Amino acid sequence: MTSTIASRLLPTDSYRQAEAPQLDSVRLLVVGDVMLDRYWFGDVSRISPEAPVPVVRIERREERLGGAANVARNAAALGTHCGLLGVVGADEAGDHVERILRESSIHSYLKRDEAISTIIKLRVIGRQQQMVRIDFEDAPTETTLRDKLTQFKALLPDYDVIILSDYNKGSLVNVAEMIRAARAAGKTVMVDPKGDDFTPYAGATMLTPNKSELKRIVGSWKTEDQLTEKAQQLRTDLGLEALLLTRSEEGMSLYTANEVLHVHADAREVFDVSGAGDTVIATMAAMLGAGASLPEALATANRAGGIVVGKLGTATVTRDELFAQRRKDDGYA
């Protein structure tokens with residue numbers, strides 16, 4: 001199957017242009033597992049007398065959007081008209097999520113489930129190093145999920161590109177029906193998958209697994225040809241237009257029916273890879289929504305991923321950051 005499909009490497013500086021695409025015209029809806037990321041920063045100067053662990057004296061706290069909410073935050077930072085549909089608890093953490101969404105110019109369609117608590121990931125940072133992460137999570141109730149599915153279908157006419165951000169926390173149990181409804185409405189559907197079974201994602205436009213997620217589905221590979229064979233078989237089996245494999249320091253590979261595109265990782269100092277996949281799928285979706293070609297969208301998403309790993313925690317890349325460098329490198333600044 002792969003022998004007749006062309007494979008090529010894109011230069012990391014390919015498809016540059018003087019003017020950034022009109023991302024503010026893109027209407028993008030993110031659906032999935034919404035989380036609140038809490039960061040406690042402090043100083044470490046001694047070991048606890050109670051156990052052989054460092055004592056972190058907390059000096060500063062931050063709250064950021066996590067999970068599907070971080071995907072929406074990335075899309076909004078690029079200038080898109082972005083909405084977020086998900087579930088949070090009827091608690092103070094859910095209130096904080098709503099507040100940050102307003103501050104980030106993200107249209108909130110959150111369902112408040114009184115039977116659960118908002119998903120929280122608490123990270124304790126000492127001397128710029130993550131010391132421990134503590135997770136609090138509950139799955140949404142069936143009633144809330146049914147209401148969310150109904151609202152999803154009602155929102156489809158208002159959006160052009162749909163991102164389904166699955167963190168396997170229970171908010172996307174109806175993902176197969178969501179994909180069918182969105183594709184029937186003519187929408188581009190991109191999925192960040194999780195779990196041991198990708199069949200619920202069948203019919204989507206594009207899946208964006210990382211290496212470990214893909215290996216869990218297709219098994220390991222020893223050569224690039226084996227990887228291509230397995231990735232293309234999965235793409236065909238699921239009826240996808242494309243499969244985007246994020247490969248950390250190896251860059252990214254995009255598999256379509258006509259060709260395989262590879263791009264090396266943008267060479268940068270890696271500080272924190274948290275949320276890098278969120279940045280990649282948000283950028284890819286925004287670019288495709290603006291009418292960019294697959295190669296241009298791939299190169300731009302790769303550049304965005306290279307920028308965000310140089311930041312601490314679940315960070316974002318702004319439109320100015322992403323495209324100002326392109327103009328500078330091309331001699332327009």
Side-chain angles (χ1 to χ4, degrees), residues 30 32-74 77 84 86-89 91-101 104 110 113 116-140 165-172 192-196 208-213 215-216 246 248-249 268-282 305 307-317:
V30 180
D33 296 301
V34 174
M35 309 175 194
L36 180 65
D37 285 343
R38 284 182 161 153
Y39 294 84
W40 291 2
F41 298 91
D43 183 53
V44 179
S45 59
R46 62 191 180 96
I47 301 298
S48 171
E50 303 166 354
V53 295
V55 175
V56 183
R57 184 176 180 274
I58 301 301
E59 300 171 341
R60 178 168 57 92
R61 304 181 186 188
E62 285 187 17
E63 292 182 333
R64 304 177 187 176
L65 299 175
N70 187 51
V71 178
R73 179 170 167 247
N74 273 271
L84 175 65
V87 180
V88 294
D91 52 18
E92 60 87 22
D95 294 339
H96 283 298
V97 171
E98 292 275 18
R99 174 183 56 79
I100 302 172
L101 290 177
S104 304
L110 294 184
D113 192 333
I116 68 167
S117 299
T118 300
I119 297 174
I120 298 173
K121 292 183 179 180
L122 171 61
R123 298 171 175 89
V124 179
I125 312 294
R127 294 186 179 178
Q128 299 300 306
Q129 296 291 325
Q130 185 175 147
M131 312 299 292
V132 66
R133 193 182 91 182
I134 305 169
D135 291 0
F136 306 86
E137 57 186 64
D138 293 305
S165 179
D166 196 349
Y167 276 79
N168 203 25
K169 306 299 182 184
S171 289
L172 285 178
D192 189 357
K194 287 292 185 295
D196 299 323
T208 63
N210 60 33
K211 286 193 299 183
S212 62
E213 290 163 350
K215 283 181 180 178
R216 191 174 297 120
T246 56
S248 301
E249 71 280 357
R268 297 176 186 271
E269 181 180 0
V270 177
F271 190 79
D272 192 336
V273 298
S274 300
D278 297 339
T279 301
V280 167
I281 194 171
I307 294 172
V308 81
V309 296
K311 302 180 179 183
L312 176 64
T314 49
T316 62
V317 177

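From a predicted model like this one, the values you see are computed outputs, not experimental measurements.
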Heavy-atom closest contact (Glu63 atom, Ile100 atom, distance): O-CD1, 3.8 Å

Leu101 and Leu110, any side-chain heavy atoms less than 4.5 Å apart: yes

Heavy-atom neighbours of Glu50 CD exceed 12 at 6.0 Å: no

Heavy-atom pair of closest approach, residues Glu213 and Thr208: OE1-O, 4.4 Å

Between Ser165 and Asp192: side-chain donor-acceptor atoms closer than 3.5 Å: no

Flag side-chain contact, heavy atom, 4.5 Å: Asn70 against Arg64: no

Residue pair Ile120 / Ile134, side-chain heavy-atom distance below 4.5 Å: no

Distance-minimising heavy-atom pair for Gly32 and Ser171: O-CB, 3.6 Å

For Ile125 against Val56, the heavy-atom pair lying closest together: O-CG1, 4.0 Å

Salt bridge (Lys or Arg N to Asp or Glu O under 4.0 Å) between Arg216 and Asp196, intermediate numbers included: CA-CA 6 Å; Arg216 191 174 297 120; Asp196 299 323; 3.6 Å; yes

Closest approach of Thr118 to Gly94 (non-hydrogen atoms, all atoms of both residues): OG1-N, 3.2 Å

Side chain proximity check, Val34 to Val87, heavy atoms < 4.5 angstrom: no

For Met35 against Ala69, the heavy-atom pair lying closest together: O-CB, 4.2 Å

Atom pair CG/CZ of Asp43 and Arg57 - distance to nearest 0.5 Å: 8.0 Å

Interatomic spacing from CG in Asp278 to CG in Leu65 - rounded to 0.5 Å: 10.5 Å

Side-chain heavy atoms of Arg133 within contact of Leu122, under 4.5 Å: no

